[in-house]
Amino acid sequence: MSANEICHVETTTFHNELGSQDYPFEKDRYWLYTSKVCPFAHRTEIMRSLTGLTNHIGLTIAGAVQTEHGWDLGGRYQSADSAASPIADINRLPEIYKLAAPGYIGRASVPVLFDTKTNTIVNNESSEIIIQFDQVATHHFAHTTLYPKDTQTLIDVLITELADELITPIYRAGFAKDQQTYQSYFEKVFTCLTELDKRLGETGSYIAGDNLTLADVHAYPHLSRFDATYHSLYRLNKHFIRDYTNIRDYMARLGEIPAFGETLDVQAFKDGYFLAWNQPTEGNFTPVGPEVNPRSGVANTVNT
Ligand SMILES: N[C@@H](CCC(=O)N[C@@H](CS)C(=O)NCC(=O)O)C(=O)O
């Protein structure tokens, strides 16, 4: 596997369900591993916070800059939210995969939802983990679901569109090996942003309408990394998110919600992208600009 194949949109291996018979919800039994760099892991931090599961599921945020040895849990990200991993003598995420599945040789990606009682990985797919957090919190606490039955079909369509038209093309453009491939995904990304901007002008405050839904949890992490990272690192430089008025306002609105704005760390994800070994332009330093709003990641205009 070449370095450039890593960190595309990855398939995952563990698809068990939190709240099922094998993995019943219990306070302090499960532990979440994330990274401030990874937009997929960011979804799970947002949902943990939105649902109030912060008091029930512990969190270790890996050190931001990944090496070829995998995510570093020993040199973890320093914040009030990020606790030391509860698994003794394990300092790197790949070792957790091996503990859960001896002989495991696949990728050791974040996010990971770990069961400390059975030493197994419950799930390592962000789109599944956030649904499970939503369900568990709706069932056990006063959380209002972000995936209501009557709009699930619409939310699913929007999430699939985001994945196929925006998120996957961002990586395909960023890791393209020839001009034609790069350009075709480049066009796809900006066509999608134009459509998203139009949609947000028509729908109300959020992607699916007037209410916050899981579609917003899918959208925010990649949109908030765009101006400071994808625009230059992946050469997606036709426009900034700043230039799309409705997306910019939407991102500002989401950034005001603590679960979104307070889980974003622009400097950490910039370091993680620009200094990591597995990015298109491995570097020794992080670009200073552009100036962005720290709660939405959207680039400032010159006079702000
Ligand atoms: N489909 C996964 C993708 C997760 C993913 O791609 N994680 C990346 C970081 S953005 C990772 O940890 N890759 C492991 C590696 O690069 O070694 C999800 O949505 O949870």
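Read the numbers this way: they start at 1 and go in the same order the structure lists the ligands and their atoms.
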Electrostatic pair D81-K36, nearest N-O below 4.0 angstrom: no

Nitrogen or oxygen of S109 less than 3.5 angstrom from that of ligand 1: no

Backbone or side-chain N or O of S127 under 3.5 Å from ligand 1 N or O: no

Salt bridge present between R242 and D227 (N-O < 4.0 angstrom): no

From the candidates S35, S126, C38, the one that places a heavy atom nearest atom 18 (C) of ligand 1: S126

Contact check: Y171 vs ligand 1, nitrogen or oxygen atoms, below 3.5 angstrom: no

Proximity flag G70 to ligand 1, non-hydrogen atoms under 4.0 Å: no

Numbered atoms of ligand 1 (with element) below 4.0 Å of A108, judged on heavy atoms: 14 (C)

Aromatic ring pairing F240/H231, orientation class (parallel under 30°, perpendicular over 60°, tilted between): parallel

Residue part near ligand 1, for R107, under 4.0 Å between non-hydrogen atoms: neither

For P111, atoms of ligand 1 separated by under 4.0 Å from a heavy atom: 20 (O)

Q179 versus Q183, side-chain donor and acceptor atoms under 3.5 Å: yes

4.0 Å heavy-atom contact, I129 with ligand 1: no

Contacting atoms of ligand 1, where contact means under 4.0 angstrom from a heavy atom of N124: 20 (O)

Residue pair D216 / Y250, side-chain donor-acceptor N/O under 3.5 Å: yes

Side-chain donor-acceptor pair present, T34, H42, cut-off under 3.5 Å: no

Option among I131, L18, I57, T51 that satisfies the side-chain contact (heavy atoms from CB on, under 4.5 Å) test with V136: L18

Proximity of F186 and Y234 rings by center, below 6.0 Å: no

Residue E125 vicinity, atoms of ligand 1 by number, heavy atom under 4.0 Å: 1 (N), 2 (C), 18 (C), 19 (O), 20 (O)

Ligand 1 contact on A41 by region, counting heavy-atom pairs under 4.0 Å: neither

